[in-house]
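Protein chains get the first letters and strands the later ones, always in sequence-line order, with residue 1 at the start of each. Computation of the quantities below employed the complete heavy-atom set of this structure, encompassing side-chain atoms and omitting hydrogens, waters and symmetry-equivalent molecules. Every value quoted in this text rests on a predicted model; they were computed, and no experiment measured them.
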Amino acid sequence: MNDMNYNPLTPFIKGELRIDELRGLIRYHDDKYYGNASPEISDYEYDQLMHELLHLEDEHPELIREDSPSRRVGGQPLKEFATIPHTIAMLSLDNTYSYDELRDFDIRVKKLLGREEIEYTVELKIDGVSASLIYHQGEFQQGVTRGNGMEGDDITWNLRTIRSIPLQLNESMDIEVRGEVYMPVKGFEAFNQTRDVPFANPRNAAAGSLHMLDPKQVAKRPLSIFIHSLGNVPNWTIPTQEQSLCKLQGLGLVVNPYHRLCQGIDEVITYCQECEKLRPDLGYEIDGTVVKVNSLEFQKRLGVTSRSPRWAVAYKFTAQQATTILKDIIIQVGRTGALTPVAILEPVELAGVKISRATLHNEDEIKRKDIRINDRVVIERSGDVIPKIVGVLPAAEGRNAPFIFPTTCPECGAMVIRLEGEARSFCSGVNCPAGRQRRIEYFASKGCMNIEGMGTSVVKQLLEEGIIEDIPSIYTLRKNGDSA
DNA sequence: ATTCTAGGGA
DNA sequence: CCCCAGAATT
DNA sequence: AATTCTGGGGTCCCTAGAAT
């Protein structure tokens, strides 16, 4: 590093040469930085290089180029994120939780394709946030979150700060790729040292980071990305997933090194087992593997359903579990009047999250699992996300009596009705305040009328103060002091 | 300076 | 994000 | 009979901005 500061040339020439040198150095270290590759310099030293480059570019604006690493961090913070439609829907994957289910998947694929044995790829399922990246003539143009699958938020300027996302591909082509943004465990831990309120887990840290309005802040977060698939790509002539990954890597995109081409489902399962062994040493979190039909032609033939492609599944590793005490069962009333029992738990840490509640779905679910108040229960986070009561531990002493599902609505006292052969119970009260509140919330929500500022608590207050009483009355609302 | 609310993501 | 139920589709 | 679609309902974390 000593020679970096020495240069006898005139200021201008020195500036120009040094700018080129700095850009080269920064790109070099960007390459080293991602994934597991151990960086050769500290973040501090890296920041020094970047600062010097920014300073020189400031002095010599005529030398600024769009693909300079200094352009990773944009100017002003954004006001909000624009909504961008996806040309091809960003679906999620169907999940499997056992090798048997993986075999079922294989059977179905073979049946649909009418083939004996299928070639699959197996990749790691990175536990992060998915994103879509659009390159125009080789230049990074736009990055979008998954959103609701049809449209997402424009997070271009945040993604540009991620050093493993090249601003320029090695080929001038139009291509949309998809990948997973994540925070490496080391970076997560180090960054947490700098915070008074530490992040709960790397995934939430990554998700939160991508929604900051100021890219300069995002740039400080240790984010990285693995590209794993194609989005909208006209004239993609490469015939398989495996070769596509190779090509993406050739373009300068970062593809996770652990993936394998497998002949038939048995090889798939073997490799999944290997992946599970890798898990502790990867340096980033994964929650399973992704199995894809290798041939893109076959993928096309299999097609997609409304939620997920038929040519891929996730195989999820067995979830971590914890035990805790079920303190209470409460009954919530939904907008349709449906009564849902919810378990209130003694808070317990599980997989980077504090769990204190879990849905019990309906009356029969409680019976089936024989769940009673004060029981010690086993919980997990299905899909590594949603708290779920797996079962009850045997009690040493006597237990409470079985839970009795209410026969009257806890909110309004009206009769509870459960129709013959149906699973759910409903409050029969036409004017149940809980149901009414939910209905108004729903009506105002983004998916319906998208009335800004009318969330749960505002609706609740308006109802409590008698300012509104039903959906129509929303429209005669007046500003404070104004008369109707 | 701290707490609450809305919206987004998994 | 997961899960469940019920209807629609094959 | 099996698969898919749709809708309802649930959990927790994070950011940003408003309210206190």
Legend entry - Parallel, tilted or perpendicular, as decided by the 30° and 60° cut-offs, for the rings of A:Phe226 and A:Tyr182: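 The rings of A:Tyr182 and A:Phe226 lie parallel, inter-plane angle below 30°.
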Inset, instruction - Name the orientation class of the two ring planes belonging to A:Phe199 and A:Phe188 (parallel below 30°, tilted from 30 to 60°, perpendicular beyond 60°). - result: parallel
Within the pair [X] and [N], is there a side-chain N or O less than 4.0 Å away from OP1 or OP2?
X        : N      : answer
A:Ser92  : C:dC1  : yes
A:Asn201 : D:dC13 : no
A:Ser209 : D:dT15 : no
A:Thr145 : B:dG8  : no
A:Asn362 : C:dC4  : no
A:Lys446 : B:dG8  : yes
A:Arg108 : D:dT4  : yes
A:Thr305 : D:dT4  : no

Could you check whether [X] gets within reach of a base, just the sugar-phosphate, or nothing at all, counting any heavy atom under 4.0 Å?
X        : answer
A:Ala423 : sugar-phosphate
A:Phe81  : nothing
A:Lys316 : sugar-phosphate
A:Ile355 : sugar-phosphate

Is the count of non-hydrogen atoms from other residues, nucleotides or ligands lying under 6.0 Å from [X] atom [atom1] greater than 12?
X        : atom1 : result
A:Phe317 : CZ    : yes
A:Ile404 : CD1   : no
A:Gln321 : CD    : yes
A:Arg115 : CZ    : no
A:Glu452 : CD    : no

Given [options], identify the nucleotide with an atom nearest to the side chain of [X].
X        : options              : value
A:Thr456 : D:dC13, B:dA6, C:dC3 : B:dA6
A:Ser457 : B:dG8, B:dT5, D:dC5  : B:dT5
A:Tyr97  : B:dA6, C:dC2, B:dG8  : C:dC2

Measure the distance from [atom1] on [X] to [atom2] on [N] and round it to the nearest whole Å.
X        : N      : atom1 : atom2 : value
A:Glu285 : D:dC13 : CD    : C1'   : 14 Å
A:Glu180 : B:dA10 : CD    : C1'   : 9 Å
A:Lys125 : C:dC2  : NZ    : C1'   : 12 Å
A:Leu302 : D:dT4  : CG    : C1'   : 15 Å
A:Met183 : D:dT15 : CE    : C1'   : 13 Å
A:Leu93  : C:dC2  : CG    : C1'   : 14 Å
A:Ile107 : D:dA2  : CD1   : C1'   : 14 Å
A:Arg310 : C:dT9  : CZ    : C1'   : 12 Å

Inset, instruction - Report yes or no: is the cationic atom of A:Arg424 (NZ for Lys, CZ for Arg) closer than 6.0 Å to the six-membered ring centre of A:Phe426, at no more than 45° off its axis? - result: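 Cation-pi check for A:Arg424 and A:Phe426: fails.
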Nucleotide N/O to protein N/O under 3.5 Å, stretch nucleotides 16-19 of chain D:
unit_1 : atom_1 : unit_2   : atom_2 : d
D:dA16 : OP1    : A:Leu213 : N      : 2.6

Legend entry - Within the 6.0 Å centroid threshold, strictly below: A:Tyr315 and A:Tyr97: no
Inset, instruction - Would you check if the distance from the ring center of A:Tyr271 to the ring center of A:His259 is below 6.0 Å? - result: no
Inset, instruction - Assess the side chains of A:Asp154 and A:Thr156: does a donor N or O sit below 3.5 Å from an acceptor N or O? - result: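 The answer is yes; a qualifying pair exists.
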Inset, instruction - Using the closest heavy atom to pick a nucleotide of DNA chain C for each, name whichever of A:Asp384 or A:Asp364 lands nearer the 5' end. - result: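 Closest to the 5' end, via its nearest nucleotide, is A:Asp384.
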Legend entry - Given DNA chain C, 5'-ward residue of the pair A:Arg146 and A:Glu422, judged by closest heavy atom: A:Arg146
Each nucleotide N or O in nucleotides 7-10 of chain D that has a protein N or O under 3.5 Å away: list the pair and distance.
unit_1 : atom_1 : unit_2   : atom_2 : d
D:dG8  : OP1    : A:Arg335 : NH1    : 3.4
D:dG8  : OP1    : A:Arg335 : NH2    : 2.5
D:dG8  : OP2    : A:Arg335 : NH2    : 2.5
D:dG8  : O5'    : A:Arg335 : NH2    : 3.0
D:dG9  : OP1    : A:Arg335 : N      : 3.3
D:dG9  : OP1    : A:Thr336 : N      : 3.4
D:dG9  : OP1    : A:Thr336 : OG1    : 2.8
D:dG9  : O3'    : A:Thr340 : OG1    : 3.4
D:dG10 : OP1    : A:Gln332 : NE2    : 2.4

